[in-house]
Structure formats: C-alpha cells, structure tokens
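Written out below as structure tokens is the structure these notes cover.
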Amino acid sequence: MTPAPGPASASFPGWDEGFALALTRLRFALRQPAAGRWAGPDRSRQKGRGLEFLDHRPYAPGDDPRLVDWRAYARHRRLLTRQFAEDREQAVVLILDRSGSMDLGEGPGHKGRWSLAVAAALAQIGVLQHQATAVVVLLEPGGPRLLPPAAGREGLGALFARLGAVPPPAGEVRLGEALARLRGLPLPSGPAVLLSDLLTPDWPQAVAALGALGARGFDPAVIQPLAPEEWEPPLAGELELEDAETGLCREAVWSPRGLEAYRERLAAFLEAVRGECHRRGVRHVALSTGVPVPGAVLRDLPRAGLLTVHG
Amino acid sequence: MPLWEAPGALALGLTLPAILLLYLLRRRRPRRRVSSLLLWPPAPPDQAANAPWQRLRPRLILWLQLALALLLTLAAARPLWAGGGLGGGLHRVVLLDASGSMRATDVDPTRFAAAVAAVREMAADLGPRDRLTVIRMDSEPQVLVAGATGTRPVAEALAGQEPEYGEADLEAALAVAAAVTGEEAAEWVLVTDGGLSLPPDFAPPPGVRLRQVTVGSHGRNVALTGLQLGESDGRLVAQVGVVNLGDRPVAGRVALVGLGPGGPAPLGSQPFAVEPGETAYLTWPDLPPAEAFRAELTGLDPGENALAHDDSAVAVPSAGDRPRVLLVAAEGGGFLEQVLLAHGGVEVYRVPPEDYAGVARGGFDLTIFAGWRPEAWPAGSVLVVGPPEGAGSGGPGVLPPAVGSFLPGPLAPVPGAEGHPVLRHVDWSEVHVARAQALALGEGWQPLVVAPAAGSAAPAGGLGPGTALPTGPSPGGASPGGPSGGSPAAGGEGAAQHPLLAVQEDRGGRRAVLAFALQDSDLPLRPAFPVLMANLIDWLVPRPPVLAGDLRPGVSVPLPPLPLAEALYLEDPEGRRQDLAPPWPPAPLTPRMPGLHRLVQVRAGGQQVVSLVPVGGYLPGESRIAPAAVPLPDEIAGARPAASPRPLWPWLVAAALILSFAEWWVDARGL
C-alpha cells in the first residue's frame, strides 16, 4: 500500500516517492514482545484472546464459555479453558539530540538536518506499521520535549510538520542527564532510538540511561551520525578550535601527525561507545552523514539490525 | 676580509629580530568551529595561555627562516671577497725597466738580469687563477706577454731580452698598463732601479695598487759626458768631460783614438782624478785629421764604474763635404756672392744666366736665382731673390708667379711664424724696401714676412690698400706653413698684406723666394742680411743635425728633406741597418745604441753619400745609477688591496634558495 506522505515530508532531504515507497517494506526489528497496553499487531507476552494458541488451564468460573475446549472435555471430562497469545500495540520513540555538536556539516550532510530526515523516515516506518510514534527532542534549555505522537497515517503529516519546526541544534545538552529525565515522560514502550553523535563528555551516562530504558520495556538503540569532516577533518595549519556546544577554544597545530592522532582518538572513541552500548544492551550504529538518508535508512540500518525488510 | 658594495643593505638584518619577535608573539590563528573538542588533543600549555607572548620554542623552521633572512641580508649587501692574495685571481702587471741604467753591473750579472729573475719568481708564484702581464719599459714600451697563467710563456717572453741604452718612458708604460688592465682590479709592479718619476697628475685606475721592486746595490759610476771638437788657431782641439757619479773619489785615464780608413789611431791618454759629483775636463790640442774621434775611459776599478756604455764618447769633425751652391745672378749679385763666401759652410759657384744651361745638371745642393728665372727648375733646393715679373716657365706649383710690383710698407713677420728657423734673430724693423713683386702664393707656400702696399706708390699692377693679392688655391687650408699658410693678408689691419718672404717644403726639396731685389732695399746694409742668408742656407741646405753630436740612444730626431737622396738608411756601430726612407718623408732617426753610426744617402746612379753620426752614451738620468725607489704618493702605494675582489652574493643567493626549499619542506610536514 502506497503511503500518503504528508506535505512536511518534502522538506526533508532525500525524500522522494521512491524512498517513501521503499519505507513501506521496512519495519523495526523487535528483540522482545510488545508490551503495549492496548491490543495491537505485535505479539506480546500477554496471554489472552488472540489467534495463536498457547496453552490450556483449568476452567475457572467466569471464563468465557467460548474459550472452553469442548473437545478436550469430551475426551477427558474436564473443563479446560484455551489460552491464546495476545497481540498488543507497540510504540516507537525517537529521541533527537539537538545539542550544538549536531550543528555541523554542509548541506544534506548537516548532522542536525540529516538526523531529522532519518527520524522522519523512522517515524513513517512506525506509523505505517501501526505503531504509535513519539519524538522526544533533547534541547537545552528546557530539557526533553515530547512532541505529540502520531498514531495513524492521518497524524503523520502533523508529525512531519512538528519535526520541521524543531529548533536547530544549539547549546550544550547534558545528554546523560536529559535521557535520565525520560523516566518522567509518559512514553509508550517499544523501540527507543537515540539519534546523537554522543560527542559529550557524559556519553557513558547517556548510554547507561538509554540502557536503563530496556528494563522498562523499551528496545534501546543509538544511531550515531558523524559528519564527513569528523571522519576525515580537512583542517590544516595552526588553528583555534571552538567547541560548538561549550564555546571553549583550543589552539591546535594541525599537521599530518596530528591527523593521525585524531583518527586514532576517533576510532578509540567509537570503539568505547560500541562496547558500552553492547554492555548496556543498546544497539549501536555509527553512520556518516555523507551517506544520503535513503541509503542510510534502506541499506545501513537494516544491515545494522535496527530495521527489517518484509514482504 | 669581505668588502661590501652596498653596506647600507645590512640594515635588512633587522629582519632577524623581527622574525624572532613573530615567534615570540602569539599568532592569531584562524578559528574553526568543531562539534566537540572531545576528539581533539589538548593544546600545549603555552598555546592555551591567553598572554600575547609565548615562550620561544627552538623549532627547526625558525632556524631555517633566520638563516634564510641572514643569507638574503648578506647577499643584498653584495659582499666581495678580497682576501686570498695570489689565490684570488690576481692580475699582476709588471713594468720591467729596460732603460740604460739597467745595464749596470753592480748586481751580478746585470740589474736587468736581476729584474728578469724577479719577474720569473713572480710568475712562479702565480696561483691557479692568477695572470701575469709583463710590459717592457723603454723608450717605446711594449707588452712582452699578456695575461700569462704559467711560468712558461713568461720565461719565453723574457728570453733574450736586453735593456736599451736610452731612457724609459714611464708615462707611456703606465698608459699601456692601464689599457691592459681595463676596469679590473690589478696590482702593478714597477721593477726598476729608480731614476723614474710618476707623471704629476698620475692616478692609477680604480682597484689598482702600485708597488715597486727595486734592483741595484750601489750607484758608483764614472762617465764621459761628451767629446767636443773645435778649432783653435787653425788647429783641431778635442775636449772630454769626465764626471764621477759615485760616492768616492776616482782616478783613471782617458784615451783618445782617431778613427779613419786605416783603423783606429791612438792619440794618447790623459790621467784624471775626480771627486764625487765633480766633473773634470781633459783637452787634446792640435789633433791630426781623422774621420772621427773616440774617447774612452781606462784604468778604472770596475767596482767604481758599474755602467760601461757611458765610458766612451765619439765626435766627428765638422769639416768635409760642404754643400755646393750655385748662384745665378743677372746683376747685383755681389751682395749675395759676398755673403755666401762669408758663410764658409758652402762651396759657392757663380754663373751668369746665359751660362746656366751648361751647369744646370751639376747636382748643386742649392741654386740661387737673382733677378732671373730659368726655363726649368733644377733639382735640389732653390732660392729666388727678386723674381722677375711673370709666371715664368718653371711650371705650376714650383714658384709663385709675380703678378706686379708695389711699394711695400713696413715689413713684419707673419704672426705665428716668428719661430721659423729662417727668421731666427732677424730684425726686420730697420729694413725698407722700395719695390717688390706681388706674389700669388700657391698651395704649400708659407709667407714669413709680409708688408702692406703703400698708397703713394702703387705698383703697376694697380694694387692698393685693401686689395688682397691673389693667393692661389689652398684647398682645405692644408698648408705646412702654419695657421696662416697661404694667407698673406694675415695680420693686416684694414690693409692687404703682401708676402715679401715665403718658403715651401715638399718631397722635391725646400724653396724660398724673396720678393724684392737686394738693390731695391736697404737689406744688404742691415745686420739682418747675413743672419737671414745664413738662416736661409741652413734651412735650404740642411746639414743633418746628427752631425752636431747631440744624439742620444732612444731619442728621435726628424730628418730634413734630402732632395738628392733616393734612399736613406742608418748603420749602427755593429753594422745593423735601419732603413729610414723610402717611403718619404724619412722616418725619424732613432739610434738604439751609442757609438759612431753611418747615415747613408743613396743618390741617383747608386752614389752613396755617407755622414758619420756620433751618438753619445751619456744620459744624466741613466748614468746616475744609484738605486732609488720611485716616489709614490701615499694614496697610491698600498691604499687599496690589490687582490681581485670576488662577488660572494651569488653563492649566498644560491644557499638562500636551497634553504627556502628546505623551509617549505619542513613547513609542509609540520616539523
């Protein structure tokens, strides 16, 4: 079924009709049953009315006579009630890091805009799979801001509009503290995807807070976008570097030897993030914003196990 | 020591502290915004500080830049390296004295040999880039070898060289050295025994140092100043001068020898004793006839007489072949005949005009026509006195035609011609002329005495005041007579001047014309007459001046026209022949050695007329052989280094270029 993308989708880079069509064949890869409160399309751990038979239990007064297994009663003269796996609804939570470090890159490769586009794609995937999609924007000041979720296609356009109205990345966001404050938000359970470069000193706290969501029925994951110039800085000479979040400056003599040291530090940083995520049960994928959004969503995220392709 | 062509450029050295200051000052670096400083290594503490200064770090690029600035500063000052002496590419120009004094034997074997040895040593000291030029300095300096870089060409050039007997022309040698040196730096070495002096306004070219090497040990020498011959009571008398140029009294003898076809004939010797600096004169009375005489010093200690070629003197008696003069006089020739006979130096023959044809080819040295003009001019010199009116048939260009007579005013020499030999000691102020012929002077004629035409007695030719006589063509003004040649009107003030005495000289001989007859003037009654005639005869029939005995080696004497000679050459005492003519006019007579020379005129038919030419060996400057340094002004001697300065800036620039590449390489790699 061809979705009807809202008017706001056109403002995201990389969106076109083919990309929107391709998104219909994707869904979030679930590592645990749905834990929604309401009935939905996803299998849950709850036993109740459903289509898939799970077990019998002795009849108890009050059970629905339609659930009594009359054939078993004919054979065993015992009243047994049939139990079915109950399908529950599952939500998707997209967490957008809008700190100043995300304000880097040129054109479509700008980390902030690239993250919004990916979030829009993921939101569309969720909505098309009948998953309520919530977007949390980590801003500073003000703390995490929960955008009204979109539960159906009719709300997708509004969600896109709200994503388009998200303030540009700015300021310093204490990522670990902000994610810890997600506990206070009425978030539906389901995949919780953080789009952040994690370029903050408290990134371990952020990963820990994200991992803590797993205990609450969420399936946490991190998409870590890094701009091409962060993978391979084009800097040369003696420079004064300014931290986009804190505004601190640092003088550096940029030489081939310094570039090699940077590469080593970047590799060590990514390896540390990857290890910490693994330890916390958080799926992790680091992507270059130099890769267009369709390529990242249709190829890299399924390859990383965050999305699956069906049908 | 380096020299600087542009020392002011050393101020560029201030760039060195400026570079250091730039490294001390914190540079304002371009600011780049990055997502986080998390991945960037912390800056060194000195870079993180906010102070405008930073600690000077010994970076390689800093030293490279300092060295680069230093090299460029030095190159801009254009240093010259003047050190190294002979190793620095020196051009040494040797002026080798080859004058007569260098024949002195106070140094074994001679001073000249010692000087040559010194030059050879200089050649042996030549460095790989040095050059040596040797200029022989005598009466006519010449370059023996130029720019030699080894000893062999110098040795070959010096082989067989002998000094002259005359003086050295230092000024000419310096001019030659300047031409050889050009604009390069050089060292001029004067190898001499002294006796020279620099021209008063001499200044060596820039970059040239002048030094000298003096040869010689002592100055003891005795010389014969000359041998003079004269007559006393009809007897031939000889006098010899002996000068002691040393510092100790000397004594010896002077022998006199008579020279003739039969060989030398001793005429006795006389002793002498002379104090230092004094001159003694010895006299020989009543000498027998001889072609020539030679006086020689004998009996002297060789240690007291270091120069040999001034120990003899020669002289030739003036008697002998007197010029033959033919006087062709129509009338009134008595004055002329008397004055010719009184002259004594000529043989006079007189014929009337009608007999002239018979003796016209007699080979007379001088023919005098008085009041008459022949059909054809004779060979040899001609004097015309009182020419008849008309052009005659002597042919054009021989004698000027007389175009009319006039009454001359006061006689006066032509301005500028007063020094002519014909006018020497002749007083024209008391001479009056009643009638003269107006001469139309042609090319080559030089008027010597002119007079205006007096108005009251205008000549038949209608000449009057203000009327210039025809002077004939004078193309280009090329007259040997001087600035007023061919212009008889010169010197007049409002009135035309007419020549009364004019002369001409060409290959055919010398000619003179006196425009008035002697009987038409009071000239024969004036003291000027015998003087004028003597001057005319001496000028028209010149005796070779070499007979005067004043010749010295290396001194050039111009020869007068010898109209009867077809060839002329000189034989020196050793029999070597020096051709003087043709081509005509003859080359100046320049004897190269002292002694009795023979000047030979070859006349028509191979007839040879030989004149003995005595050349003295005594030259005061050369016989005073005391070694002395040539006085050099302080600003010339050693004021400047003589080493050829080499520019160093190309090497500095090349090194700076290499350093600039190294600096770029270091900067590109962030070292």
Side-chain angles (χ1 to χ4, degrees), chain A residues 97 99-105 110-112 169 172-173 175 196-203 225-227 229-231 233-270 272-273 289, chain B residues 15-69 656 658-671:
Chain A
D97 179 9
S99 65
S101 64
M102 296 294 287
D103 185 17
L104 189 72
H110 182 269
K111 288 198 295 184
E172 180 182 9
V173 175
L175 200 57
S196 170
D197 56 10
L198 296 180
L199 290 175
T200 173
D202 64 342
W203 68 266
L226 294 176
E229 50 265 45
E230 288 174 319
W231 291 100
L235 308 179
E238 299 185 1
L239 300 170
E240 189 176 42
L241 304 178
E242 179 185 10
D243 192 303
E245 290 192 22
T246 63
L248 294 176
C249 293
R250 174 181 297 171
E251 293 183 350
V253 179
W254 199 240
S255 62
R257 181 179 297 177
L259 178 60
E260 190 62 30
Y262 174 85
R263 290 188 185 125
E264 293 174 358
R265 291 175 68 91
L266 176 62
F269 168 70
L270 293 177
V273 170
T289 59
Chain B
T15 54
L16 274 74
I19 291 175
L20 283 174
L21 188 63
L22 291 178
Y23 275 82
L24 285 172
L25 286 174
R26 179 179 303 283
R27 285 196 287 175
R28 185 170 185 84
R29 294 159 176 159
R31 177 171 293 187
R32 292 291 178 86
R33 191 164 180 264
V34 295
S35 55
S36 172
L37 297 178
L38 189 64
L39 299 178
W40 302 86
D46 59 321
Q47 292 189 7
N50 291 325
W53 302 95
Q54 60 181 344
R55 183 176 60 86
L56 186 64
R57 291 175 300 153
R59 298 173 56 186
L60 177 58
I61 195 170
L62 167 63
W63 298 118
L64 288 176
Q65 290 175 352
L66 288 176
L68 186 62
I658 294 174
L659 273 187
S660 66
F661 279 115
E663 191 264 350
W664 167 81
W665 186 84
V666 169
D667 181 62
R669 281 154 181 77
L671 298 177

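For the pair Arg31(B) (side chain) and Glu240(A) (backbone), a donor-acceptor distance under 3.5 Å is absent.
Here Leu104(A) is the residue among Thr246(A), Leu226(A), Leu104(A) with the most heavy-atom pairs under 4.5 Å with chain B. With respect to chain B, the highest number of heavy-atom pairs below 4.5 Å among Gly105(A), Gly100(A), Cys249(A) belongs to Cys249(A).
Rounded to the nearest 0.5 angstrom, Leu241(A) CG and Arg33(B) CZ are separated by 12.5 Å. Taking CH2 of Trp203(A) as the reference point, atom OG of Ser36(B) lies at 12.5 Å (rounded to 0.5 Å). The distance from the CG atom of Asp197(A) to the CG atom of Leu38(B) is 9.5 Å, given to the nearest 0.5 Å.
Proximity to chain B (any heavy atom under 4.5 Å) is restricted, for Pro233(A), to the side chain, taken from C-beta onward. No part of Ser99(A) comes within reach of chain B, as not one of its non-hydrogen atoms sits under 4.5 angstrom from that chain. For Leu248(A), the parts sitting under 4.5 Å from any heavy atom of chain B are the backbone and the side chain alike.
In this structure, Trp231(A) places its CH2 atom where more than 12 heavy-atom neighbours from other residues, nucleotides or ligands lie under 6.0 Å away.
Applying side-chain contact (heavy atoms from CB on, under 4.5 Å) to Ser35(B) and the options Glu245(A), Met102(A), Glu229(A), Lys111(A) leaves one that passes, Lys111(A).
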